[in-house]
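The structure appears right after this line, and notes come after that.
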Amino acid sequence: MSQLEIKNLNVSIGEKSILNDFSLAVPKGEVHALMGPNGTGKSTLAKALAGHPDYTVNSGEALLDGQSILDLEPDEISRLGLFLAFQYPNEIPGVSIANFIRAAVQARLGEDDDFVATEYYKNLYQQMDLLKIDRTFTSRSVNEGFSGGEKKRCEILQLAMLNPSYAILDETDSGLDIDALKVVAHGVNTLKGENLGILLITHYQRLLDYIIPDKVHVMWDGRIVKSGGKELALELEAKGYDWVKELATANAC
Amino acid sequence: MKAKAFEAFQSLPMPTRKNENWRFANISSLSLDEYDFTRSEKPTDLQELIEKSDIISQPSGQIIFADNHPVSMEPINDDLKAKGVIWEPLSEALQNHSEILKKYFMSQDPHLGSEKFAALHSSFVSDGYLLYVPKGITIERPFIANHWALSEKTALFPHTLVIAEESSNVTLIDTFNAKSESQKNFICAFNHIFAAANATVTYRSLQNWGTKTLGIHINSIITEKDATVNSLSVNLGCQHLRSENQSVLKGEGSHIEMLSLSVADNDQEIDQRTLQLHQSPHTTSNLLYKNALLKKSKTIFSGLIKVAKEAQKTDAYQTNRNLLLSEEAEANALPGLEIKADDVKCSHGATTGNMDKDQLFYMLARGIKPHKARELLVFGFFEEIILKLSDNELADYMRELIQTKLQSK
């Protein structure tokens with residue numbers, strides 16, 4: 001099955017249960033949006049799938065093209081083809097963007113593959129131009145002193161360079177002005193296609209004006225309470241999150 | 001003179017931990033019984049070592065030492081010679097320029113506890129070199145001296161003597177290496193830099209002795225009016241390293257930068273003692289020591305800023321940062337201030353921390369394998385210092401040395 005499939009996932013942080021029987025499938029080639037108010041577990045889903053050690057998976061399954069990823073290390077999950085664009089990308093002083101992405105690219109090479117620096121830089125510059133990232137950024141330390149928009153563009157740059165099968169974009173639109181949002185959206189639209197499944201985690205409908213989703217899922221209290229087409233995002237925008245709460249209560253009855 | 005120095009060595013007491021300058025230090029490993037102090041024959045078959053010493057393109061001069069003998073010499077060009085620049089092994093300088101040696105050799109007293117080792121050095125020193133730069137001469141390309149330990153258990157006494165006269169400008173590099181990685185030697189190295197008025201000296205020391213070596217490296221700097229010395233020491237080798245760096249800002253308006261980066265591994269002990277001694281007004285010093293500690297390694301940083309009553313308008317900074325890469329590693333920091341002037345800016349700070357877990361996760365989430373991610377974070381930690389090098393060739397060589405150390409085992 002070419003899809004990112006999550007079945008009845010239960011995740012907690014410490015004693016606190018965050019995801020409750022969460023299920024979702026994102027087929028390769030599609031863009032799905034996951035919406036919901038703060039604190040419903042959207043970022044927890046992203047982090048747990050990426051293998052963050054602070055999140056405990058109590059039960060359920062997560063399959064990448066049929067392969068379970070829940071017992072894998074974070075770096076193994078990434079190399080298997082799941083990319084997470086961070087909501088708050090970390091700063092790494094002293095490590096340049098070029099060396100950082102290079103290490104990630106090299107980690108994906110087979111034993112007999114050679115790393116070709118000229119090709120790497122050609123590709124890197126091409127992607128940077130697309131994302132309107134100044135080429136001098138290659139020698140700057142990862143995310144250090146970057147504006148919010150620069151950090152998010154840098155996340156999309158990494159997505160472009162690493163060619164994953166599935167990408168989770170965690171609130172990539174937060175903190176962006178409209179120009180930066182357009183650049184990021186343009187980058188994502190260029191990358192999307194039959195070989196990439198995308199899960200857009202977002203709080204606002206705004207991003208979905210620029211990246212048109214195939215499906216929209218609305219989340220409340222650790223699970224999806226409603227799924228639909230792109231028009232669901234507009235409905236949600238109009239009715240507000242109180243509507244979701246009502247939906248959730250109705251579902252529970 | 002040597003006999004007298006040996007007498008002094010014998011009469012001076014071995015250091016004890018009760019001495020403030022040796023607090024926390026592993027005194028027991030200072031025993032010298034098992035080392036060979038006799039002067040060996042001049043070694044032969046040195047091609048490999050000469051090739052490995054080829055680090056800097058077009059140096060202004062290069063000397064390679066092996067087991068205390070100068071074995072290869074790239075002399076200075078006629079132009080520099082005509083200007084009065086001197087670049088000679090001590091053995092030659094003693095004959096050709098005894099007046100300089102009489103004035104400067106071992107004339108900077110150790111302030112940080114190594115009187116006994118200074119006496120030992122004086123009595124056994126057989127080689128080393130003199131670099132003398134006359135007034136007003138600027139030399140673009142660096143000088144380099146490569147010190148090699150070839151034979152197991154040999155005692156080595158490298159000596160560096162640099163005299164930069166008024167308004168001169170010079171850069172030199174010392175490298176310290178063993179032929180085989182796990183070699184055991186005793187090293188007692190002294191380095192004395194004199195920067196006369198308005199002179200600029202840039203000094204780089206790359207220490208990578210064998211992993212079973214006991215090393216004592218004493219660096220001493222004196223600056224006259226408006227002189228600048230930028231020093232950097234990289235420490236990778238030795239089982240037990242005692243590193244003393246003392247800077248005496250003697251002349252008004254002079255400046256000394258003291259940078260250091262060290263990687264300690266296994267049960268290595270790196271014992272660093274520093275002194276920034278401000279004797280005159282408007283002097284500035286800036287110290288930054290960064291240590292990365294692996295396995296059961298241990299570092300001691302003990303730094304003192306001392307400002308004399310006369311030294312008003314002094315700026316003195318001292319920072320020690322330790323990155324612990326293992327639960328069992330131990331970093332000790334003993335920063336200190338002793339200020340007698342009342343109009344100064346001085347600060348000291350020491351931090352010791354583990355690798356940032358969020359940074360590590362971020363790297364892993366990009367598919368970078370854990371060992372590589374740690375390596376990148378260590379490099380990131382050191383890059384603040386490496387970026388200060390204006391010499392790319394040397395910066396790359398340094399990165400290579402660090403990488404080799406991080407990847408070994």
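Order of the sequence lines sets the chain letters (A, B, ...), proteins ahead of strands, with each chain counted from 1. For clarity, every value in this text was computed on a predicted model and none was experimentally measured.
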Legend entry - B:Lys372/B:Glu375 salt bridge by N-O under 4.0 Å criterion: yes
Legend entry - Lys/Arg N to Asp/Glu carboxylate O, B:Glu48 vs B:Lys52, below 4.0 Å: yes
Legend entry - Top contributor to chain B contacts, counting heavy-atom pairs under 4.5 Å, from A:Asp54, A:Val95, A:Asp75, A:Leu82: A:Asp75
Non-hydrogen atoms of chain B under 4.5 Å away: do they reach the side chain of [X], the backbone, both or neither?
X	value
A:Pro164	neither
A:Phe86	both
A:Glu73	neither
A:Ile77	neither

Inset, instruction - Can you spot which of B:Gln272, B:Lys298, B:Arg321 makes a side-chain hydrogen bond (donor to acceptor under 3.5 Å, both in side chains) with B:Asn291? - result: B:Gln272
Which distance, rounded to the nearest 0.5 Å, do you find between the [atom1] of [X] and the [atom2] of [Y]?
X	Y	atom1	atom2	result
B:Ser233	B:Gln207	OG	CD	9.0 Å
A:Leu80	A:Asp65	CG	CG	8.0 Å
B:Leu261	B:Asn235	CG	CG	8.5 Å

Legend entry - Residues of residues 133-149 of chain A with any heavy atom under 4.5 Å of a heavy atom in chain B: A:Val142, A:Asn143
Inset, instruction - Using non-hydrogen atoms and a 4.5 Å limit, figure out which bit of B:Gln359 sits close to chain A: side chain, backbone, both or neither. - result: both
Legend entry - Donor-acceptor side-chain pairing of A:Lys152 and A:Ser174 below 3.5 angstrom: yes
Inset, instruction - Please check if the side chain of B:Ser326 supplies one atom and the backbone of B:Lys295 the other of a donor-acceptor pair under 3.5 Å. - result: yes
Inset, instruction - Give a yes or no answer on whether the side chain of B:Thr213 reaches the backbone of B:Gly215 with a donor-acceptor pair at less than 3.5 Å. - result: no
